[in-house]
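Have a look at this one.
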Amino acid sequence: MGIFTAGPALSGMDYDPQAIEERWRQRWREEGRYEADPAEGADGDDATFVTVPYPYPSGGMHIGHARTYTVPDAYARYRRQQGDNVLFPMAWHVTGTPIIGAVERLKKGEAEQLSVLQDTYNVPEEDLSDLETPMGFAEYFIEEHYKKGMKSLGLSVDWRREFTTNDERYSKFIEWQYRTLKEKGLVEKGLHPVNYCTDEEQPVTTHDLLEGEDAEFQEYTLVRFRGDSPDNGDADRAGASDDGDAVFPMATLRPETVRGVTNAYVDPEATYVRASVDGETWVISADAAEKFDLQDREVEIEAEFAGEAIVGTTVANPITGDDVLILPAGFVDADNATGVVMSVPAHSPDDYVALQELQARADDLTAYGIDPDAVRAIEPIPILSIEGYGEIPAKSAVEEHGIASSDDPALEEATNDLYNAEFHSGVLNDEYGEFAGEVVEDVRDAFREHHAGDAFDTMQEFSEEVVCRCGGDVEVAYQETWFLRYNDEEWREKTLRAIENLDAIPENTRGEYEHTVGWLNEWPCIRNYGLGTRLPWDQEFVIEPLSDSTLYMSYYTVAPHIQDVPVEDLDHEFFDAMFYGADAVDDADPKALELGEEWDYWYPVDYRFSGNDLITNHLTFYLYHHAEFFPEPKWPQGIVVMGMGLLEGQKMSSSKGHVVLPGEAIERFGADTVRFFLLNASEPWQDYDWREDAVESTHDQLRRFYNRAQELIEGPAGDRDAVTDVDRWLLSKLQATIETATDAMERSETRTATQAAFYGFDEQLKWYRRRADLDRPGARWTLRHVLETRLRLLAPFTPFMANELHEKLTGTPAEDAPWPEVDDDLRAPDLELAEERVQALVDDINEVADVTDTDPETIRIYAAADWKRQVFDAVREVGADVGAVMSEVMSDPDLRERGNEVNEVAQDAVEFARDYDDEELADLLAMDEQAAYENAAAFLEREFGADVEVYAEDDADVVDPADRAGNAIPFRPAIYLE
RNA sequence: GCGAGGGUAGCCAAGCUGGGAAACGGCGGCGGACUCAAGAUCCGCUCCUGUAGAGGUCCAAGGGUUCAAAUCCCUUCCCUCGCACCA
């Protein structure tokens with residue numbers, strides 16, 4: 001055994017992320033490395049406060065969540081190296097119903113839920129029982145997933161500050177927030193449409209739905225036709241009362257078509273009622289009566305009868321006064337809207353076909369006591385004109401689609417097309433008075449408004465069937481609720497100002513915030529049940545999740561110390577004193593003032609990092625509340641919005657098990673690899689794709705980096721005084737790298753920063769390794785200096801590895817070393833330009849060798865003659881304009897003699913010069929080109945395994961067997977391979 | 001429909017905020033060096049043509065502005081996300 005089982009100890013320095021990372025995690029834990037407290041006597045100028053929405057532990061953490069927290073961590077680490085005192089806290093959002101729902105599904109033993117828990121998130125069988133209470137459930141995922149995951153990732157979180165939104169002290173804070181809002185009149189009571197399960201008799205959330213999750217509330221216009229109502233339950237219309245005053249509300253989404261109504265439909269089989277609705281007599285379906293009851297109308301059913309009972313009666317159009325006939329139709333759904341439908345055959349393909357079919361069998365209608373001739377006499381009434389359709393648009397549409405009957409599937413398309421066309425380009429006829437000649441789109445709302453109250457009424461209805469998980473029918477109900485008045489003008493103004501001041505990253509999100517403020521209405525901020533804080537003045541309600549997460553970043557600043565304050569002391573005055581100072585209350589609690597100081601030190605939030613999907617609610621709410629509660633200097637300074645994550649090109653989905661858990665990824669690749677990949681895959685706001693092959697390759701790159709660094713650290717220190725031009729060239733490139741990375745991090749561009757510090761600079765190093773003799777003391781020093789700088793640049797992204805190596809190299813961890821600054825003395829633009837020429841030369845030689853398929857034994861290089869440089873000089877003087885250059889150059893008699901030759905060089909020079917600015921051109925012209933190639937000759941000989949000879953084009957002893965030398969132009973030497 | 005962001009070589013992905021002419025990188029593929037060999041590493045090639053560093057045709061499609069466009073403008077097609085009371 002022995003040698004075969006143990007395997008060779010690979011050089012002993014191979015990259016072992018698990019071991020390195022565990023050491024640092026332990027060290028951070030023991031040192032309390034990221035516990036941030038205000039510096040003694042400091043005013044907060046050095047404070048940076050970074051937050052991220054607290055996770056919602058209704059399930060486990062996956063790699064998509066990991067990035068949300070890693071990006072702010074990288075920024076926090078960057079600011080620490082810049083010398084800031086940085087606070088990056090974390091807490092847990094448990095408010096509302098999702099956790100409760102998850103627990104219930106677990107307790108019911110739902111297969112899907114069990115699969116998510118056990119297969120996706122690896123909850124062991126024996127732990128399942130701990131998950132049967134909401135807080136037990138939350139606790140499990142907080143401890144076993146989120147916290148473990150975050151700690152493994154090396155997030156620089158101050159863990160002393162964690163809390164859950166179900167904590168009693170947090171609730172005291174939320175109570176203060178909502179009492180304050182109420183005092184300001186920004187929380188009000190009112191009616192709001194909600195999803196209401198008619199079986200459970202309570203409001204339900206989207207998550208409670210079995211069907212119709214995508215259903216929208218639609219506001220129907222009810223056209224109040226009037227007519228006689230039946231007065232009893234018999235299907236005998238002889239008993240109809242002659243009041244002529246009952247309302248037959250007909251629901252439509254196109255109120256402007258009211259003038260085109262030719263008849264109405266009801267389902268003769270369905271149950272209808274005569275009911276008193278808000279004191280009026282209405283005739284509607286029984287289902288509709290229930291809906292109106294839920295929508296806060298006073299409904300009293302007076303009589304019940306089959307639809308048949310009203311078939312054949314006439315009702316009067318409230319706009320035109322015309323009488324229309326009620327006809328029977330099987331397609332009427334009594335459970336949709338009012339169950340009484342108006343028919344506009346000129347503009348609705350459905351109605352057009354239905355009418356035709358009905359007219360074809362008009363004789364059958366005598367059974368309802370209807371005169372067939374009256375039905376046959378019905379003609380479509382057009383109310384608008386539209387290009388591309390005939391006088392009767394519905395007729396054109398039906399004919400064009402070749403529709404023969406009402407069960408033709410093409411009918412739906414025809415209807416959609418026509419509705420769309422009419423909405424956007426239908427012009428109303430003359431009868432519309434002040435609305436005549438207008439396009440529907442522009443006047444529909446005004447038209448409806450115009451007739452609201454008398455001819456028109458409204459109701460809410462879902463756009464599709466909605467069914468509760470319990471199997472019950474879900475209807476739109478109006479509920480008494482407390483809501484936040486996000487449409488309050490003053491509040492809006494303040495919030496818009498907050499948006500103006502905001503550093504919105506990326507910048508194009510600013511408009512989205514503004515847009516959101518524009519359309520945001522009242523927001524119901526309470527639920528009937530759920531975890532969280534009860535509304536202080538109405539204990540039966542709970543403040544909902546998007547409403548109790550708007551100001552809480554303040555709470556982080558005092559979270560550890562507030563634990564020492566007895567809960568009962570945390571009254572309204574306490575928080576008033578804490579946030580608004582001693583003068584805000586009569587008798588300020590000294591503890592409150594003390595906490596207030598810490599708040600004042602950390603606030604405002606410098607950057608909040610959050611998903612881009614939250615702009616339209618959470619993030620905008622956050623701005624609203626801060627704008628209202630705090631003075632301008634405490635408003636949010638910046639928001640960085642984050643993109644979505646994909647897994648192997650597909651959406652992640654915990655229910656499908658299509659997720660990667662951070663713990664598993666870290667175990668396999670190491671936390672640095674996971675972090676680096678997440679930070680480098682794209683900029684924070686862009687979407688990214690977790691692809692295993694790419695992660696693997698990232699891991700390989702880090703390993704290579706680590707091993708190379710190890711070698712350097714173990715090798716000799718070198719000598720700064722021995723550096724040569726190549727070394728200076730590399731050091732100059734390093735300065736540009738520092739500059740790029742720094743600028744990028746100021747804008748949270750983690751991809752650009754890592755790309756520059758890692759991959760970008762690797763390219764330079766690659767060249768340097770080819771070019772330079774690495775055993776020289778000057779090179780050793782350079783490489784170690786470069787390594788030290790890069791480790792500091794990489795510390796925010798790969799803190800474990802960077803710390804480990806930096807400490808070995810210098811004695812201090814990278815995170816304790818300052819962020820590198822550009823050293824202008826190390827910039828050498830002239831060397832960079834010269835080196836660029838050598839690189840271009842290598843490329844050219846390669847190309848020629850490749851095209852001619854030769855392996856040269858001798859390479860001859862010819863630098864351009866001096867007179868050609870004069871032409872270049874002219875370009876620098878007069879600019880990249882061939883004409884101007886020529887006239888300048890032709891004043892020189894020597895050059896004038898060369899005529900055409902000069903012209904050619906001038907053209908090349910102008911083209912070349914376009915890539916460089918004046919300074920660079922001056923540097924180029926100052927360089928001794930031939931010397932640069934001569935200095936590179938040894939290198940070129942190594943590279944190509946050939947002899948290299950360098951000449952000036954016009955040397956007396958130039959060897960030019962193939963007559964190439966004349967091709968030379970400045971900075972582009974002629975070459976000949978043989 | 002409204003709002004936002006996109007469509008770049010086999011794949012991923014820069015460049016598109018100050019228009020300059022094959023377009024950074026990476027993966028994959030091909031060839032080579034090193035090696036007993038594999039891996040790792042290094043070098044070259046990877047749109048078409050080409051025995052001299054070139055020419056041709058390109059950046060969803062079409063049109064326009066310009067000496068010059070992936071980059072600016074217009075039109076069309078396609079994809080992703082949000083449109084709420086849900087985290």
Side-chain angles (χ1 to χ4, degrees), chain A residues 10 14 53 55-56 58-59 93-99 101 192-195 203 205-209 213 216-217 416 419-420 423-424 441 479 481 483-484 486 506-509 511-512 515-516 518-527 544-547 549 611-618 620-621 641 643-644 646 649 651 680-682 685-689 691 693-694 696-698 700-701 703-704 707-708 751-752 755 759-760 762-763 766 769-770 840-855 880 911 914-915 943-945 962 964 967 972-977:
Chain A
L10 288 167
D14 206 48
Y56 202 98
S58 58
H93 201 193
V94 300
T95 305
T97 56
I99 292 174
H192 257 264
V194 297
N195 298 341
T205 70
T206 314
H207 292 280
D208 298 322
L209 301 180
E213 279 182 66
E216 291 171 23
F217 294 141
N416 278 337
Y419 279 23
N420 243 325
F423 182 64
H424 294 293
E441 182 174 12
Q479 273 258 314
T481 189
F483 56 81
L484 288 161
Y486 288 135
E507 178 58 37
N508 62 26
T509 55
E512 279 200 74
H515 185 246
T516 304
W519 63 252
L520 217 44
N521 265 314
E522 294 110 357
W523 181 272
C525 60
I526 53 161
R527 289 297 105 86
E544 64 87 39
L546 280 167
S547 299
S549 55
N612 56 14
D613 52 330
L614 296 182
I615 290 176
T616 50
N617 47 50
H618 166 72
T620 301
F621 295 177
V641 141
M644 297 282 130
L646 297 175
K651 259 192 188 167
N680 178 257
S682 64
W685 55 87
Q686 297 173 319
D687 292 351
Y688 66 99
D689 189 3
R691 290 196 340 215
D693 58 346
E696 238 164 79
S697 134
T698 302
D700 289 344
Q701 303 276 11
R703 179 165 46 72
R704 194 186 326 171
N707 292 342
R708 283 220 169 103
R751 178 183 156 84
T752 305
Q755 202 70 20
Y759 294 110
D762 250 1
E763 289 290 306
K766 219 160 142 182
R769 281 193 208 97
R770 283 164 73 179
L841 179 56
V842 169
D843 284 348
D844 278 347
I845 295 171
N846 265 324
E847 167 137 25
V848 173
D850 185 51
V851 170
T852 59
D853 199 22
T854 51
D855 186 6
E911 193 163 324
R914 274 207 270 258
D915 291 336
E943 279 286 303
F944 294 100
R964 304 281 180 188
N967 292 341
R972 189 99 199 273
I975 52 186
Y976 178 61
L977 310 187

* **Nearest-Å distance for atom pair CG/C1', residues A:Asp850 and B:rC43** =>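 In whole Å, B:rC43 C1' lies 12 Å from A:Asp850 CG.
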* To do: Provide, to the nearest angstrom, the distance between the CE atom belonging to A:Met644 and the P atom belonging to B:rA4.
  =>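 So the two atoms are 18 Å apart, to the nearest Å.
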* To do: For B:rA23 and B:rC59, measure between their P atoms and round to the nearest Å.
  =>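 Per the computed distance, 15 Å lies between those P atoms.
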* Asked: With a 4.0 Å cut-off on heavy atoms, is A:Tyr976 in touch with a base, just the backbone sugar-phosphate, or nothing at all?
  ->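 Answer is base: heavy atoms of A:Tyr976 come under 4.0 Å of a base.
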* **Interatomic spacing from CG in A:Asp700 to OG1 in A:Thr698 - rounded to 0.5 Å** =>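 That separation rounds to 8.5 Å.
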* To do: Find the distance A:Leu977:CG to B:rA54:P and express it as a whole number of Å.
  =>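 The distance from CG of A:Leu977 to P of B:rA54 comes to 14 Å, rounded to the nearest Å.
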* To do: Could you check if a side-chain atom of A:Pro53 sits within less than 4.5 angstrom of a side-chain atom of A:His93, using non-hydrogen atoms only?
  =>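 Contact flag for A:Pro53/A:His93 side chains = no.
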* To do: Could you check whether A:Pro973 gets within reach of a base, just the sugar-phosphate, or nothing at all, counting any heavy atom under 4.0 Å?
  =>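 Base, at least one base atom sits under 4.0 Å.
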* Using whole Å, report how far CD of A:Glu696 lies from C1' of B:rG39. =>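 That distance rounds to 14 Å.
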* To do: Hey, can you tell me if A:Trp523 and A:Tyr486 have their rings parallel, tilted or perpendicular (30° and 60° cut-offs)?
  =>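 Geometry flag for A:Tyr486 against A:Trp523: tilted rings.
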* Asked: Looking across every strand, which nucleic acid part, if any, lies under 4.0 Å from A:Asp700 by heavy atom: base, sugar-phosphate, or nothing?
  ->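 Nothing: the residue A:Asp700, judged by heavy atoms under 4.0 Å, touches no strand.
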* Residue whose closest nucleotide on RNA chain B lies nearer the 5' end, A:Ile526 versus A:Thr852 ->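 The answer here is A:Thr852.
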* Distance, rounded to the nearest Å, where A:Tyr688 contributes OH and B:rG6 contributes C1' ->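 Spelled out: OH on A:Tyr688 to C1' on B:rG6 is 18 Å.
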* Asked: Start at the 5' end of RNA chain B and walk down; is the nucleotide closest to A:Leu520 or to A:Gly96 reached first?
  ->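 The 5'-side residue here is A:Leu520.
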* **Watson-Crick or G-U stems of RNA chain B, 3 or more pairs, under 3.5 Å, by first number** =>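 Detected stem regions: B:1-7 with B:77-83, B:10-12 with B:25-27, B:28-33 with B:41-46, B:47-49 with B:54-56, B:60-64 with B:72-76.
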* **Rounded distance in Å between the P positions of B:rC42 and B:rG50** =>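 32 Å, rounded to whole Å.
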* What integer number of Å spans the C1' atoms of B:rA13 and B:rG25? ->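 The answer is 8 Å between these two C1' atoms.
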* A:Thr620 side-chain N/O to A:Ile615 backbone N/O, donor-acceptor pair under 3.5 Å ->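 Between the backbone of A:Ile615 and the side chain of A:Thr620 there is a qualifying donor-acceptor contact (under 3.5 Å).
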* **Nearest-nucleotide pick for A:Trp519, side chain only, options being B:rA84, B:rC27, B:rG53** =>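 Given the options B:rA84, B:rC27, B:rG53, the side chain of A:Trp519 is closest to B:rA84.
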* To do: Quick one: label A:Ala681 by what it contacts on the DNA or RNA (base, sugar-phosphate, nothing), any heavy atom closer than 4.0 Å.
  =>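 Counting heavy atoms under 4.0 Å across all strands, no contact is made by A:Ala681.
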* **Separation of B:rG5 C1' from A:Glu512 CD (nearest whole Å)** =>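 In whole Å, B:rG5 C1' and A:Glu512 CD are 9 Å from each other.
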* Asked: Which part of the nucleic acid, if any, lies within reach of A:Ile845 when heavy atoms closer than 4.0 Å are counted: base, sugar-phosphate only, or nothing?
  ->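 Here A:Ile845 touches no strand at all.
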* Asked: Is the distance from OP1 or OP2 of B:rG44 to the nearest side-chain N or O of A:Arg770 less than 4.0 Å?
  ->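 For A:Arg770, the contact criterion (side-chain N or O under 4.0 Å from OP1 or OP2 of B:rG44) is met.
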* Looking only at atom C1', what distance separates B:rC11 and B:rA21, rounded to whole Å? ->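 To the nearest whole Å, 26 Å.
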* Asked: Taking only side-chain nitrogens and oxygens of A:Arg691, does any of them come within less than 4.0 Å of OP1 or OP2 of B:rG26?
  ->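 Indeed not, no polar side-chain atom of A:Arg691 lies that close.
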* Side-chain contact, heavy-atom cut-off 4.5 Å: A:Arg704 with A:Asp762? ->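 Of all side-chain heavy-atom pairs linking A:Asp762 with A:Arg704, none is under 4.5 Å.
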* Take atom C1' in B:rA60 and the same atom in B:rC77, then report the distance between them in whole Å. =>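 Rounded to whole Å, the distance is 8 Å.
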* **A:Asp853 atom CG, over 12 foreign heavy atoms within 6.0 Å** =>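 No.
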* Measure the OG1-CH2 distance between A:Thr509 and A:Trp685 for me, rounded to the nearest 0.5 Å. =>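 Answer rounded to 0.5 Å: 10.0 Å.
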* Given the C1' atoms of B:rA40 and B:rC34, what is the spacing between them in whole Å? ->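 The same atom, C1', in both gives a distance of 11 Å.
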* To do: Pick base, sugar-phosphate or nothing for A:Pro545, based on heavy-atom distances below 4.0 Å to the nucleic acid.
  =>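 Sugar-phosphate only.
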* Work out which heavy atom in A:Val848 is nearest to a heavy atom in A:Ile975; give both atom names and the distance. =>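 Looking at all heavy atoms of both residues, the shortest contact is CG2-CD1, 4.1 Å.
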* Asked: Looking only at side chains, do A:Glu544 and A:Ser547 share a donor and an acceptor under 3.5 Å apart?
  ->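 Yes, a side-chain donor-acceptor pair sits under 3.5 Å.
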* **A:Gln686 side-chain N/O to B:rA14 phosphate OP1/OP2 under 4.0 Å** =>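 True: A:Gln686 side-chain N/O within range (under 4.0 Å) of B:rA14 OP1/OP2.
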* **Residue-phosphate contact under 4.0 Å: A:Arg704 side-chain N/O, B:rC42 OP1/OP2** =>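 A:Arg704 to B:rC42 OP1/OP2: side-chain N or O found under 4.0 Å.
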* Asked: Does A:Lys651 place a side-chain N or O at less than 4.0 Å from the phosphate oxygens OP1/OP2 of B:rC81?
  ->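 Affirmative; the distance criterion is met.
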* **Nearest-Å distance once atom C1' is located in both B:rG18 and B:rC72** =>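 So the two C1' atoms sit 12 Å from each other.
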* Asked: Does A:Arg703 make a side-chain N or O approach to OP1 or OP2 of B:rU41 shorter than 4.0 Å?
  ->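 No, no such contact exists.
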* Reckon A:Glu943 touches a base, only the sugar-phosphate, or nothing at all at heavy-atom distances under 4.0 Å? ->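 Since no nucleic acid heavy atom lies under 4.0 Å of A:Glu943, the category is nothing.
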* Roughly how far apart, to the nearest Å, are B:rC24 and B:rG10 at atom P? ->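 Result for the P pair: 15 Å, nearest Å.
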* Output yes when at least one side-chain N/O atom of A:Asn617 is less than 4.0 Å from OP1 or OP2 of B:rC85, else no. =>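 Result: no.
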* Minimum-distance pair of heavy atoms, taken over all atoms of A:Thr854 and A:Leu977 ->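 Scanning both residues, the minimum pair turns out to be OG1-CD1, 4.2 Å.
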* **Distance in angstrom units between A:Asn508 CG and B:rC16 P, rounded** =>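 Distance, rounded to whole Å: 16 Å.
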